> 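Encoded as structure tokens, here's the structure I'll be asking about.
Bear in mind that the values here come from a model prediction, so they are computed numbers and not experimental data. Every chain is numbered from 1, with letters handed out A, B, ... down the list of sequences.
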Amino acid sequence: MSAGRNSPDSPSGPVSGPDAIPAWPEDIEGAKAVQLALRGRVRISPLRTRIEYVAGVDAAFHGDRVIAAACLYEFPSLVHVGDACAVAGVRFPYVPGFLSFREGPAMIEAINRLGRKPDVILFDGQGIAHPKGFGIASHVGVVLDMPTVGCAKSRLVGEYSPPGPGKGEFSYLVYRGRTVGAVLRTRENVSPVFVSPGNRIDLKGAVDLVLKCTVRYRIPEPLRCADHLAGKVKRTLCGSS
DNA sequence: GCGACAG
DNA sequence: ATCTTGTCGC
């Protein structure tokens, strides 16, 4: 039985040659090589298509396993229309700057299991606001060749001044002289989130999307849903292992 | 060498 | 991320 076309271990496209996407590495050195080889494929440009479906993905851990969850929403109505999960063995430790190598494979599997392909995907982490301009949203976005957005709860790199207190107010996140993201207030008087484009979208579009997906809480709905689903599946696994 | 450091 | 009850506040 061969692996599916978009399974985490066999990305779409050629497996060798100039467009080859490296297999997932098992150590930091290999991961650095992958980031170096793929960072140039990140495209920061306005979203081309109209958004009809948005997905949010997140992960939970249980012992040596990763539980990835993906939640699909109709946009801009934010009607929840589907879920998908994937459980895999942890192959990489958590090292700041290399989060995608730990959670990425399972997330890609979950995304591929959604009943419909979303127009853009939200991630709990950074997009290009990363030491190598290749955070988890950018990495998965390049592997799947899809529009992605990073929406982290805290900062990894960059400097910024506190945004205004009102919902929708933001300040720019600057790293090495480059504007790589926005520090956005999604609710009044709550700590801001760090938004950065992942792939095939620009900062303006990323901020706009996060705001439109945030109704009542600090975290956008698709991400909250994925967080809850991953936790629910985790509890299920606990009761049977 | 020291401090910072997504989840 | 994860270990974890009650509690203060809108």
Side-chain angles (χ1 to χ4, degrees), chain A residues 24 28 31-32 34-35 39 42 56-71 85-108 110-111 121-142 148-160 165-167 173-176 180-199 203 206 210 215-220 222-239 241:
Chain A
W24 294 93
I28 299 296
K32 287 180 180 175
V34 171
Q35 294 185 327
R39 55 183 300 186
V42 174
V57 293
D58 192 21
F61 294 83
H62 178 230
D64 57 358
R65 353 212 80 203
V66 200
I67 300 106
C71 295
C85 297
V87 179
V90 174
R91 306 180 194 178
F92 216 86
Y94 169 65
V95 181
F98 299 90
L99 178 65
S100 61
F101 298 94
R102 181 175 170 78
E103 308 184 342
M107 287 183 163
I108 289 174
I111 292 168
I121 308 169
L122 284 170
F123 289 79
D124 189 350
Q126 316 291 341
I128 61 171
H130 174 280
K132 291 291 177 291
F134 205 60
I136 190 165
S138 296
H139 191 164
V140 176
V142 163
T148 57
V149 169
C151 180
K153 297 183 291 298
S154 62
R155 181 202 80 109
L156 175 58
V157 298
E159 306 114 41
Y160 66 95
K167 169 171 180 157
L173 181 61
V174 179
Y175 182 53
R176 292 176 175 168
V180 297
V183 184
L184 176 67
R185 196 80 69 181
T186 52
R187 268 201 72 182
E188 214 169 278
N189 296 317
V190 296
S191 44
V193 294
F194 297 74
V195 180
S196 58
N199 187 45
L203 180 56
V210 169
V215 187
R216 186 178 179 191
Y217 303 94
R218 173 167 91 116
I219 304 303
L223 282 180
R224 294 187 70 240
C225 177
D227 182 52
H228 291 161
L229 178 55
K232 177 183 171 187
V233 172
K234 172 181 176 174
R235 289 191 294 278
T236 296
L237 261 55
C238 288
S241 66

> Tyr175(A) has an atom OH; how far is it from atom C1' of dC5(B), in whole Å?
11 Å
> Check the distance between dG7(B)'s C1' and Leu122(A)'s CG and give it to me in whole angstrom.
16 Å
> With a non-hydrogen cut-off below 4.0 angstrom, is Gly150(A) in contact with a base, only sugar-phosphate, or nothing?
nothing
> Hey, does Glu103(A) have a side-chain heavy atom less than 4.5 Å from the side chain of Val140(A)?
no
> Over how many whole Å does the gap from Arg91(A) atom CZ to dG7(B) atom C1' extend?
18 Å
> For residues 126-137 of chain A, which residues have at least one heavy atom under 4.0 Å from DNA chain B?
Gln126(A), His130(A), Gly135(A), Ile136(A)
> From CD1 of Ile219(A) over to C1' of dG7(B), roughly how many Å is that when rounded to an integer?
12 Å
> Can you tell me how far P of dC3(C) sits from CZ of Arg235(A), to the nearest Å?
11 Å
> Could you grab the distance from atom OH of Tyr217(A) to atom OG1 of Thr186(A), nearest 0.5 Å is fine?
13.0 Å
> Counting side-chain heavy atoms from CB outward, which of dA6(B), dT2(C), dA1(C) is closest to Lys234(A)?
dT2(C)
> Which whole-number value in Å describes the distance from Leu156(A) CG to dG7(B) P?
9 Å
> Return the stacking result for dG7(B) and Tyr94(A): yes when the ring centres lie under 5.5 Å apart and the planes under 30°, no otherwise.
yes
> What does Phe61(A) touch in the nucleic acid at a heavy-atom separation under 4.0 angstrom: a base, only the sugar-phosphate, or nothing?
sugar-phosphate
> Is Lys167(A) atom NZ crowded by more than 12 heavy atoms from other residues, nucleotides or ligands, each under 6.0 Å away?
yes
> Between Met107(A) (CE) and dA6(B) (C1'), how many Å, whole number?
11 Å
> Looking only at non-hydrogen atoms, find the nearest pair between Arg185(A) and Val190(A) and report the distance.
NH1-O, 2.9 Å
> Let me check I have this right: for DNA chain C, each base becomes ., (, ), [, ] or |, based on Watson-Crick or G-U pairs with both distances under 3.5 Å. What is the full string?
..........
> Could you grab the distance from atom CZ of Arg235(A) to atom CD1 of Ile67(A), nearest 0.5 Å is fine?
11.0 Å
> For dC5(B), take OP1 and OP2 only and decide whether either is under 4.0 Å from a side-chain N or O of Ser154(A).
no
> Rounded to the nearest 0.5 Å, what separation is found between the CD1 atom of Ile108(A) and the NE2 atom of His139(A)?
6.5 Å
> If you measure from CH2 on Trp24(A) to CZ on Arg91(A), what distance do you get to the nearest 0.5 Å?
9.0 Å
> Supply the atom-to-atom distance Glu159(A) CD to Arg176(A) CZ, rounded to the nearest 0.5 angstrom.
10.5 Å
> Write down the distance between CG (Asp58(A)) and P (dA1(C)), rounded to a whole number of angstrom.
7 Å
> Identify each donor-acceptor pair in which a side-chain atom of residues 149-158 of chain A lies under 3.5 Å from a protein atom, sequence neighbours left out, and give them as a table.
| unit_1 | atom_1 | unit_2 | atom_2 | d |
| --- | --- | --- | --- | --- |
| Lys153(A) | NZ | Asp124(A) | OD1 | 3.0 |
| Lys153(A) | NZ | Asp124(A) | OD2 | 3.0 |
| Arg155(A) | NH1 | Gly158(A) | O | 2.7 |

> Does Lys153(A) put a side-chain nitrogen or oxygen below 4.0 Å from OP1 or OP2 of dG7(B)?
yes
> At their closest point, which heavy atom of Ala110(A) faces which heavy atom of Ala86(A), and how far apart are they?
N-CB, 3.7 Å
> Do any side-chain nitrogens or oxygens of Arg155(A) fall under 4.0 Å of OP1 or OP2 in dA6(B)?
no
